[in-house]
Amino acid sequence: MRRVYLDNAATTPVRAEVAELIHEYMVKHFGNPSSVHWFGREARRGLDRAREQVAGLIGAHPDEIVFTSGGTEADNLAIKGVAALKGIQGKHLITSAIEHHAIIHSTEQLERQGLQVTYLAVDEHGLVEPDHLAHALRPETILASVMLANNEVGTIQPIRELAALCRAKGVLFHTDAVQAAGQLDIDVKALDVDLMSISSHKLYGPKGIGALYIRKGCRVEPLAHGGGHERKRRAGTENLPGIVGFGLAAELSRQELPERREHLEALRDRLVQGILGGISHSRLNGHPQLRLPNNCNVSIEFVEGESMLLNLDLLGIAASSGSACTSGALEPSHVLLAMGLSHELAHGSLRFSLGRQNTAGDVDYVISTLPGIVARLREISPLHAGRE
Amino acid sequence: MRRVYLDNAATTPVRAEVAELIHEYMVKHFGNPSSVHWFGREARRGLDRAREQVAGLIGAHPDEIVFTSGGTEADNLAIKGVAALKGIQGKHLITSAIEHHAIIHSTEQLERQGLQVTYLAVDEHGLVEPDHLAHALRPETILASVMLANNEVGTIQPIRELAALCRAKGVLFHTDAVQAAGQLDIDVKALDVDLMSISSHKLYGPKGIGALYIRKGCRVEPLAHGGGHERKRRAGTENLPGIVGFGLAAELSRQELPERREHLEALRDRLVQGILGGISHSRLNGHPQLRLPNNCNVSIEFVEGESMLLNLDLLGIAASSGSACTSGALEPSHVLLAMGLSHELAHGSLRFSLGRQNTAGDVDYVISTLPGIVARLREISPLHAGRE
Amino acid sequence: MYTEKVMEFFANPKNVGELTDPDGVGTVGNPVCGDIMRITIKVVDGVITDVRFKTFGCGAAIATSSMVTEMVKGKTVEEAMQVTNRNVAEALGGLPPNKLHCSNLAADAVHLAIKNYQERLSGKDSQEERQEVKCDHLA
Amino acid sequence: MYTEKVMEFFANPKNVGELTDPDGVGTVGNPVCGDIMRITIKVVDGVITDVRFKTFGCGAAIATSSMVTEMVKGKTVEEAMQVTNRNVAEALGGLPPNKLHCSNLAADAVHLAIKNYQERLSGKDSQEERQEVKCDHLA
Ligand SMILES: Cc1ncc(COP(=O)(O)O)c(C=O)c1O
Ligand SMILES: Cc1ncc(COP(=O)(O)O)c(C=O)c1O
């Protein structure tokens, strides 16, 4: 069967050259970078190179990169690591209503411990209004965290503005750039953020590895204690195959960024137009312009997302409805609800997220397939009767 | 150059069939197990199988296995996860003086927050005396954690006895089995422990993945919050290539355990005898019988460990002095000091840790090489003068 | 995630639609929950001779709707009242745990349709039986 | 970890040993720290004509000892007093940060040997200069 993978926001395939390098670091350069011998030194060299490569993707200094087990751990380390140092009782944190669960569930955990948290509302396109942030800042605010680009609807936030507001008040600023890294040109110095999370498996690197950028001078309390790895900011034997794979994937992403972006945007626009043009009562979710190059999120009225996904899957098309983490359960996406969608529209959302491996043929396959699926499901939908 | 890797306690090479499987899960079955589509379901199947395989290695039920990013995170999750639920202020925890830094630095962190910690002394062989544990137990004790086998000297603790003492008092018991798993026949039910840490890269699986066994009914507060992965006990997109690799490595370890053990013990004994017989003023560290099949730790008087390591390395032999994490710095091993060794002897320690890939030829190479190295270093040592 | 049977009933749903002149109508669920099932039945001499469903919902919701129509068709209303959501799930070879609650209400919808039929029989002016479902996970 | 130069001086150390009838002796370090360096010198007309080291310690300790003997041999004692631990590390192409403290004391040992030589010259009954080093990381 033809298989078209359009769920690259959930995870991406590891590219061939990266997989090869990882293989080499599993069977040949398998040493522990802490060891003094040849195997250890080979590993250390790989670690150092990867740190430069990852730093290079976001304009950081290698010393500012702490490798973690993924985007979730990076987010947890940023949020909890700052709170552990700056204090929780009587303190205040600002984030947005559309963050990934790695942020929201971390702040909720801190709320249970006494931290006050403001969840900034977003407009119908998913944008955070800088004025709202400005008003939310308090003397006791220790950190603000707003994602660079949303994983569900792809909306890109005005991070530079938001970060500047915080800088002016001496408040630390973190951004979750897990979806943006590898798609947008990111420069931590230009954005002037203090902390940034990224994840390897969203940019054609392996799963189980990510990084937190920690600006020089900014400190976080580690989550994991043990050996003195990562300059005492994250203990545990380094996941070296993962790290070198992440490094190479980051390096290649940096090199290919302009063409990748162009490629994805062209496919995305073709897909959006094809779906909205081919299916009545469908709408685009997220911002029409300020959106990730690879994100196409639509709501299709009168039908439910999972039933569309399953039908797409039967025809070999992999997509998602809401974020991957929740698509196994029927909770409506908190992101879509925060943007003001009705429960029905939120339940009827589909996310197609493109990848570098996708072609116009893939997109056309979806465009030609989806209308029939929707028609069949609408036929059995009690909500649809007489609405067309 | 001939390269003989004898630092398998630091990390092991990934075996070929495991590396192949990991490759497959990076480029082909690369889906996110949370996704409903084919790619996600393939990933989910891999995840489920791996969980069974890892559970099988230690006699657990698959639901009792939580995948982590390694042994360090498993240790942290056990210690801090229990403390976060049971309380810190006014509470008490027992561990030993020879635990891995992942334990000791976690308990030290909790001490800073108000937890009281007892570090049980060990005898000259590195053994914890059950009576000492019995006396240390208090009404406010929430957890005891004693490692199954030590990473530096290989001493195997009487875990069943220690755990039984805790069970009788209703105190949770954790054991760090990172070094033991894959070498010793471990059964969590027979040992009757509540929590157990294991790590993939010590048993010919990939780095960056480990597991915490959590006995059914026992709860820990997660360290990482986010999606509902691992039954809400550890958030983050699953490191699926790592997990399936760990699974296969665990399965193969289980199958090969008896022969592996025999192979390693034979090599170990040959190595110990060869070194002690060939070098005057040398001694075995750790317990003469109750020791890991692969561990040979010796102290060689009048010479310092790193200088031996470097000379061995020049001849292609990879070993360690103290644990890998600290061998880059000249801190004497806390384990050897706790066993009563002088600083000089601690500084003069060498650890050779054997692996399944080693041969008698490897061992003989060390036996024939080391005496010359020691002789040369003793010649330049001011401590040696006139001592022979 | 889903059994083959579920996918079979989902991909080729039986008895889709709405009877034009039904003897009973039952609806369960609500769009907040993400699942709505509407069952219409034809009853002749106490036997369900025809049954149709319309469902807005996930795979499980559609498959259970489809399955329940097959299960109750040809049964007496008394027999049909004995068919539980659980029976339906079992007939499908099981459902994922997170689908057992909201998405497995098809038998309830049938029961409501039968209740509606019985109320009509007893002369009540009953247009349709409706039952909103509480979604615990949204609490 | 170590530069090639360090490994060269470590693997083929120069001037190993102890002069039988030295004009000055200096020892630094202690076994707790893991590094002990002992330098013996021969001085003729204010010039260090011969110098030997014995060292118990890590690679850096041995390499710096070896390097410093090469650096001061043939120098006047005044010139040799100008050679710092830092010079030695630089001559080796640098040392890992964690080796800059305890393991880079060879120049200190030379200075002690020179001090010892000068004390003997001035008639003091000085057997040897010793200096215990505090190991901060053991605090
Ligand atoms: C915006 C965002 N943040 C965080 C994460 C978590 O990263 P990871 O999957 O590496 O744990 C994801 C992806 O799942 C994401 O999309
Ligand atoms: C006994 C012991 N515990 C914990 C660890 C940490 O495990 P990992 O290297 O997977 O973080 C190690 C190995 O480094 C170990 O030997």
Side-chain angles (χ1 to χ4, degrees), chain A residues 3 5 7 10-14 16 19 22-23 26-27 30-32 34-40 69-73 75-76 100-102 105-106 108-109 201 206-209 223-229 235-242 306 309-310 312-313 318-320 324-325 327-328, chain B residues 3 5 7 10-14 16 19 22-23 26-27 30-32 34-40 69-73 75-76 100-102 105-106 108-109 201 206-209 223-229 235-242 306 309-310 312-313 318-320 324-325 327-328:
Chain A
R3 295 221 172 267
Y5 185 74
D7 200 9
T11 194
T12 57
V14 176
I22 290 172
H23 194 271
M26 288 195 293
V27 300
F30 60 81
N32 186 323
S34 301
S35 304
V36 300
H37 48 64
W38 181 82
F39 296 88
S69 68
T72 295
E73 188 188 323
D75 282 346
N76 274 260
H100 191 266
H101 283 148
H105 290 166
S106 291
E108 285 172 354
Q109 168 73 1
H201 74 101
K207 293 181 178 59
I209 191 77
L223 297 182
H225 293 85
H229 314 88
T237 299
E238 297 87 346
N239 174 0
L240 205 72
E306 192 204 89
L309 285 191
L310 291 172
L312 285 166
D313 182 56
S320 87
C325 300
S327 68
Chain B
R3 294 221 172 266
Y5 185 74
D7 200 9
T11 194
T12 57
V14 177
I22 290 171
H23 194 272
M26 289 194 292
V27 299
F30 60 81
N32 186 325
S34 300
S35 305
V36 300
H37 48 63
W38 181 82
F39 296 88
S69 68
T72 296
E73 187 188 324
D75 282 346
N76 274 261
H100 190 267
H101 283 148
H105 291 165
S106 292
E108 285 172 354
Q109 167 72 2
H201 75 101
K207 292 180 180 58
I209 192 77
L223 297 183
H225 292 85
H229 313 89
T237 299
E238 297 88 348
N239 174 0
L240 204 73
E306 192 203 89
L309 286 190
L310 290 173
L312 286 166
D313 182 56
S320 87
C325 302
S327 68

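Note that these values count all heavy atoms, side chains included, but never hydrogens, waters or copies made by symmetry. Order of the sequence lines fixes the chain letters, A, B, ..., with proteins taken first and strands second; residue numbering starts at 1 for each chain.
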Quiz item: Heavy-atom distance under 4.5 Å to chain B: side chain of A:Pro13, backbone, both or neither?
Solution: both

Quiz item: Is it the side chain or the backbone of A:Asn76 that comes within 4.5 Å of chain B heavy atoms, both, or neither?
Solution: side chain

Quiz item: Any donor and acceptor pair, going by atom type alone, linking the side chain of A:Lys207 with main-chain N or O of B:Gly242 inside 3.5 Å?
Solution: no

Quiz prompt | Partner chain A: residue of B:Gly71, B:Gly40, B:Ala319 with the largest heavy-atom pair count (under 4.5 Å) | solution = B:Ala319

Quiz item: Hey, is the main chain of B:Gly226 close enough, under 3.5 Å, to the side chain of A:His101 for a donor-acceptor pair?
Solution: no

Quiz item: For the residue pair B:Val36 and A:Leu309, what are the closest heavy atoms and their distance?
Solution: CG2-CD1, 3.5 Å

Quiz item: Most heavy-atom pairs under 4.5 angstrom with chain B, which of A:His225, A:His201, A:His105, A:Gln109?
Solution: A:His225

Quiz item: What heavy-atom pair brings A:Thr72 and B:Gly236 nearest, and what distance separates the two atoms?
Solution: OG1-CA, 3.3 Å

Quiz item: So, for A:Ala10 and B:Asn32, which heavy atoms are closest and what is the spacing to 0.1 Å?
Solution: O-ND2, 3.3 Å

Quiz item: Looking only at heavy atoms, what is the nearest atom pair of A:Gly31 and B:Thr11, with distance?
Solution: C-CG2, 3.7 Å

Quiz item: Who pairs with A:Ala318 by side-chain contact (heavy atoms from CB on, under 4.5 Å), at least two apart in sequence or on another chain?
Solution: A:Tyr5, B:His37, B:Phe39

Self-check item: Side chain / backbone / both / neither for A:Leu240 at chain B, heavy atoms under 4.5 Å
Solution: both

Quiz item: What are the two closest heavy atoms between A:Asp313 and B:Trp38, and how far apart are they?
Solution: OD1-N, 2.8 Å

Practice problem: Go through B:Met26, B:Glu238, B:Glu73, B:His23 and name the one with the most non-hydrogen pairs under 4.5 angstrom from chain A. | Solution: B:Met26

